[in-house]
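One structure below.
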Amino acid sequence: MTQTNFTDRPQRVAIIANGKYQSKRVASKLFAAFKDDRDFYLSKKDPDIVISIGGDGMLLSAFHMYEKYLDRVRFVGVHTGHLGFYTDYRDFEVDKLIENLKNDKGEKVSYPILKVKITLEDGRIIKGRALNESTVKRIEKTMVTDIFINQVKLERFRGDGISVSTPTGSTAYNKSLGGAVLHPTIEALQLTEIASLNNRIYRTLGSSVIIPKDERIEVVPKRQGLYTIAIDNKTMHFKNVSKIEYCLDSKKISFVSTPSHTSFWERVKDAFIGELDS
Ligand code: NAD
């Protein structure tokens with residue numbers, strides 16, 4: 001847990017909610033609580049705190065809305081759906097959230113995010129950041145790409161695609177692909193295969209790979225065609241991709257530190273295992 005440059009001026013708060021009835025109700029309650037409070041100033045522009053109401057998908061959207069301001073923004077997630085890895089509060093805990101924000105002294109917890117750089121054959125460069133993961137796929141035909149880790153050519157991959165995930169993203173798509181669950185404070189990237197071809201002729205490592213911070217992954221397509229590159233919940237299509245590079249970003253995502261912050265392993269158990277027989 002670290003401290004932001006907290007000042008006594010009113011905290012600028014942005015409230016972002018998805019279209020669900022429950023989310024709108026939570027948003028109205030928060031608007032009403034902060035509207036006439038001298039310690040807070042409701043502002044979607046240039047906020048100090050972003051409250052996202054919905055689920056993990058909404059928090060992903062809030063992250064992308066405010067990713068330019070990661071240096072100073074702290075996020076809080078209120079969850080009105082079924083599963084919440086980025087959400088510290090349930091919809092019935094709004095009073096607790098308001099009280100905690102009133103007692104807030106700027107403490108935060110921060111987690112690594114992924115930097116993505118796509119270079120096209122015509123020299124164009126597209127940059128992005130992912131909170132969960134980025135995937136590269138070739139839909140119509142087998143994807144054939146060389147995979148480099150820190151300039152070492154590890155393998156020629158053939159299959160549906162690859163995923164590169166952050167530690168907090170390890171419980172999302174990465175987990176469905178058979179990747180490992182990483183504690184979010186571990187500063188590492190995870191490269192996971194999507195349906196690789198493995199037989200006597202074609203070979204890949206087969207397991208997911210955890211890469212330390214400061215190391216880079218480079219994906220170099222060996223066939224021209226249409227590539228589908230996703231960054232979290234945004235999907236893009238590119239013809240003739242020259243390479244895609246991945247590394248940890250110099251910035252992190254920060255969350256308002258919550259006294260009742262649920263342990264990561266509790267969340268994993270709650271989301272994937274449920275109650276155990278005694
Ligand atoms: P969404 O909001 O419906 O999210 C899909 C599901 O993933 C939800 O149940 C959500 O709670 C869960 N999720 C999201 N981030 C998570 C995390 N860090 N840990 C655990 N669960 C998490 O759909 P969306 O808004 O399009 O979200 C995009 C995300 O969906 C992607 O970043 C990807 O991780 C995930 N996804 C998963 C699969 C899969 O598991 N087969 C396929 C595509 C996308």
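Residue numbers start at 1 and run along the sequence shown. Just so you know, ligand 1 is whichever comes first in the structure, and atom 1 is the first atom listed for that ligand. When reading the values below, keep in mind they use all heavy atoms of this one structure, side chains included, and skip hydrogens, waters and symmetry mates.
Counting atoms of ligand 1 from 1 in the listed order, those under 4.0 Å from a heavy atom of Tyr86 are 18 (N). Residue Gly57 approaches ligand 1 through these ligand atoms, each under 4.0 Å from one of its heavy atoms: 2 (O), 25 (O). Near Ser176, with a cut-off below 4.0 Å to any heavy atom, the atoms of ligand 1 are 39 (C), 40 (O), 41 (N).
For Tyr89 and Phe75, the ring centers sit 6.0 Å or farther from each other.
Heavy atoms of Tyr173 found under 4.0 angstrom from ligand 1 belong to the backbone as well as the side chain. Contact annotation for Glu133 and ligand 1: only side-chain heavy atoms (C-beta onward) come within less than 4.0 Å of the ligand. At a 4.0 Å heavy-atom cut-off, ligand 1 touches Ala172 through backbone and side chain alike. Of the heavy atoms in Thr171, both backbone and side-chain atoms come closer than 4.0 Å to ligand 1.
Under the salt bridge (charged side-chain N to carboxylate O under 4.0 Å, His left out) criterion, no residue pair touches residues 231-241, with sequence neighbours excluded.
Ion pairing between a basic and an acidic side chain is recognised when a charged N comes within 4.0 Å of a carboxylate O; Arg267 and Asp88 show such pairing.
Asn18 and Gly54 get closest at one heavy-atom pair: ND2-CA, 3.5 Å.
Grouped by direct or indirect side-chain proximity (heavy atoms under 4.5 Å, Ile/Leu/Val/Met/Phe/Trp/Tyr only), Leu197 sits with Ile201, Tyr202.
Summarising the contacts of atom 12 (C) of ligand 1 with Asp56, Leu60, Asn233, the nearest heavy atom is found in Asp56.
Under the 3.5 Å distance criterion, with hydrogens and angles disregarded, no donor-acceptor pair is assigned to the side chains of Ser242 and Glu121.
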